[in-house]
2 protein chains.
Amino acid sequence: MTGFNDDSAQYLISTVSKRSGVKSDLVRAWERRYQAVTPKRTAGGHRVYTDQDIARLKLLNLATSNGHSISQIAQFSLDDLKNLLNNEPVAITQPLNGITPSASDRIHLAEDYMEKCYAAVLAFDAKKLESHFENAIVELGSEAFIEHLLTPLLTRIGERWKTGELRPVHEHMTSSVIRSLTYILRNNNPCAANAPRMIVSTPIGQLHELGALLAAIMAELSGWQVTYLGANLPAEEIAAGVKFTHACALTLSLSFATDDHVVAKELRRLKKLIGNNVALIVGGRSASHYQAVLNEVGVLNIQSYGHFRQILNQLSARNMEQES
Amino acid sequence: MTGFNDDSAQYLISTVSKRSGVKSDLVRAWERRYQAVTPKRTAGGHRVYTDQDIARLKLLNLATSNGHSISQIAQFSLDDLKNLLNNEPVAITQPLNGITPSASDRIHLAEDYMEKCYAAVLAFDAKKLESHFENAIVELGSEAFIEHLLTPLLTRIGERWKTGELRPVHEHMTSSVIRSLTYILRNNNPCAANAPRMIVSTPIGQLHELGALLAAIMAELSGWQVTYLGANLPAEEIAAGVKFTHACALTLSLSFATDDHVVAKELRRLKKLIGNNVALIVGGRSASHYQAVLNEVGVLNIQSYGHFRQILNQLSARNMEQES
DNA sequence: ACAACTCTGTCAATGTTTTGTAAAGGTTTA
DNA sequence: TAAACCTTTACAAAACATTGACAGAGTTGT
């Protein structure tokens with residue numbers, strides 16, 4: 001039925017070598033000796049690789065430089081390899097091979113993935129979207145994945161939703177996929193037990209959770225212990241979550257600007273319920289629409305990716321002081 | 001301490017030596033003389049060790065430097081060695097035959113986990129809840145996890161929510177945790193490319209997604225290719241999702257009984273939009289409350305865990321026929 | 001007490017396997 | 001036509017395996 005599933009990505013061996021960090025000769029040797037990858041061929045016999053192959057080779061390279069013998073791990077699945085490296089006591093992040101992609105290369109790569117992911121969203125292909133995400137996380141690393149792929153992707157989805165190219169259901173599907181990815185991202189950097197805690201949600205009437213998800217992931221990567229509550233919760237419930245977890249920060253995402261006063265009312269109630277000792281952070285496409293209330297209530301308004309990280313670090317530091 | 005995937009990792013002797021602190025020569029001597037470890041071999045004869053072997057050698061090394069004679073302790077089990085080092089009297093464990101837990105044991109085990117998980121929900125401890133879930137999946141297997149842990153847990157959460165012991169926010173937190181687990185569950189059994197497709201969601205006004213999540217997971221485990229859309233979607237959006245994915249089934253969860261006519265209206269509209277070729281399945285705590293409409297529209301009403309699986313299999317079979 | 005024996009870690013000698021790299025010579029691609 | 005690929009074959013360093021031996025420490029038997 002769907003024979004056209006994987007013809008999207010095709011790379012020749014030199015590209016693969018650059019991106020994975022494994023020399024061409026070695027890639028061929030690994031294929032010949034252990035079937036580490038099994039690329040398709042062009043009519044003329046040239047090897048044609050997929051994104052998955054690249055992710056594979058990257059992980060294999062990491063694993064071998066970590067002391068594993070290539071013959072033993074060559075046929076492991078992507079997940080096996082990820083587990084293997086996750087359980088490593090020594091996560092060597094040294095310049096393992098001469099080939100280190102430059103910053104501009106990585107950004108270009110991220111843009112590349114962005115297009116592919118957006119195409120998958122447009123085609124409503126959850127499986128393909130997830131697969132692209134997985135590969136991108138391996139290739140870009142969690143940080144760059146968030147900053148250069150996820151953030152711009154969500155921004156674009158927001159735009160296209162306005163123009164009518166996308167429907168609400170596209171956003172729901174994307175949320176769902178990203179939500180299941182949090183598992184991988186979280187596993188990549190387990191947080192400390194004494195990490196500061198945060199609640200992430202959206203107030204009542206705000207049904208879009210992509211922004212909130214992004215905030216949750218970013219906070220986790222910054223070392224926070226995040227409890228994500230999903231979208232559309234009344235102030236009392238959110239406040240209850242804050243109390244239960246003893247969170248020292250609460251982040252809300254406002255994506256959709258409404259003219260009624262629900263959001264304003266909810267924000268005021270929330271502030272009353274959580275008090276002044278819990279930082280209230282608000283971000284999202286439409287946060288500026290509520291500027292007046294934000295100022296009145298006294299919230300930290302996220303301006304950009306970097307700004308959010310800055311806020312997180314400041315709060316984190318302050319929290320550590322209080323603890324000691 | 002998460003993943004326990006020990007059957008995947010394999011090391012050669014030098015790595016083992018570095019990790020365990022026992023020189024390669026000595027490792028071989030201990031094997032030759034006392035069978036302290038019994039590694040497998042490569043085709044060429046190289047020793048191949050597991051994580052367990054490394055742990056063993058570490059403990060043996062500690063014990064010998066503590067004055068114990070290697071010949072005496074070489075064949076101790078991992079637990080024996082741990083006891084030994086804790087200065088506890090060595091309780092020699094029984095011959096370790098591969099005892100497979102009986103069915104009743106497993107159900108008991110599941111109940112045990114149920115209590116632990118519910119306690120974590122009540123305490124609003126997402127981290128602990130996730131950890132219990134992870135362990136349960138490994139110990140029980142996906143099937144039993146769903147049937148004997150997740151299903152009763154969600155049922156109980158529904159009950160306690162009514163009595164006021166739990167707040168809505170508890171349910172949101174639980175949904176969030178379960179949602180990120182879908183990643184593990186899905187990876188445990190990757191579905192075929194030609195698997196029948198299904199959309200899972202809840203209609204507008206139905207904000208509780210636990211039931212829908214459960215249905216999605218069950219369908220995935222039954223070999224379906226599921227696109228999960230989250231909760232609270234209007235009929236047009238759900239129908240769009242069905243069209244986009246060419247799904248042959250649509251499952252909705254109705255947890256909350258409302259007296260307005262929104263649900264009834266949405267169901268009628270949905271049926272019109274998706275036509276008769278797409279199976280419409282409805283389940284959830286409050287499905288019976290809408291019996292009249294369900295009959296009128298002609299939906300498959302889920303009665304129980306087993307019943308849902310039966311429906312899934314029938315649809316799956318019918319779908320296969322049509323394909324061929 | 002003293003010789004004989006066992007336990008244990010270490011080494012050396014010698015041969016094999018693994019694995020990254022490279023050269024030679026032909027083919028495909030742009 | 002040049003650059004990039006392909007296959008085959010080869011090579012050498014590093015890592016392993018096996019066998020056998022040796023010496024210090026502790027034990028045993030007489």
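Proteins get letters first, then strands, A, B, ... in listed order; numbering begins at 1 in each.
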Exercise for the section: Write down the distance between CD1 (B:I73) and P (C:dC7), rounded to a whole number of angstrom. Expected result: 15 Å

Practice task
Grab the CD-P distance between B:E31 and D:dT19 for me, whole Å please.
Solution key: 12 Å

Practice task
Could you check which of C:dT21, C:dT29, C:dT18 has an atom nearest any side-chain atom of A:K23?
Solution key: C:dT21

Fill in the blank from the handout: When rounded to whole Å, the CG to P distance for the pair B:L60 and C:dG9 reads 10 Å

Exercise for the section: Assess whether atom NZ of B:K128 is packed by more than 12 heavy atoms of other residues, nucleotides or ligands within 6.0 Å. Expected result: no

Handout entry: Any B:W30 side-chain N or O less than 4.0 Å from OP1/OP2 of C:dG9
Key = yes

Handout entry: Check: A:L62 main-chain N/O paired with A:S65 side-chain donor or acceptor under 3.5 Å
Key = yes

Exercise for the section: Go through B:D51 and B:Y11 one step at a time and tell me if the side chain to side chain donor-acceptor pair (under 3.5 Å) criterion holds. Expected result: CA-CA 8 Å; B:D51 279 307; B:Y11 311 89; 2.8 Å; yes

Practice task
Not counting sequence neighbours, list each pair that qualifies as a side-chain hydrogen bond (donor to acceptor under 3.5 Å, both in side chains) and has a residue in residues 152-161 of chain A.
Solution key: A:E115-A:R156, A:R160-A:E165

Problem - Presence of A:S69 side-chain N/O under 4.0 Å of C:dT19 phosphate oxygens OP1/OP2 - result: yes

Exercise for the section: Quick one: list whatever passes salt bridge (Lys or Arg N to Asp or Glu O under 4.0 Å) with A:R32, sequence neighbours left out. Expected result: none

Handout entry: Footprint string (nucleotides 1-10 of chain D, 5' to 3'): B base within contact, S backbone only, - free, heavy atoms under 4.0 Å
Key = ----SSB---

Practice task
Calculate the interatomic distance between B:Q72 atom CD and C:dT6 atom P; express it in whole Å.
Solution key: 15 Å

Problem - Phosphate OP1/OP2 of C:dT17 contacted by B:T42 side-chain N/O (<4.0 Å) - result: no

Handout entry: Under-4.0 Å side-chain N/O to phosphate OP1/OP2 contact, A:Y34 with C:dT19
Key = yes

Exercise for the section: Before accepting this row, confirm whether a basic side-chain N of the pair B:D53/B:R56 lies closer than 4.0 Å to the acidic partner's carboxylate O. Expected result: no

Exercise for the section: Examine C:dT8: is either OP1 or OP2 under 4.0 Å from a nitrogen or oxygen in the side chain of B:S71? Give yes or no. Expected result: yes

Completion exercise
5'-most contact on DNA chain C (nearest-nucleotide basis), B:A43 vs B:A29, goes to B:A29

Exercise for the section: Classify the ring geometry between B:F133 and B:F145 as parallel (under 30°), tilted (30 to 60°) or perpendicular (over 60°). Expected result: perpendicular

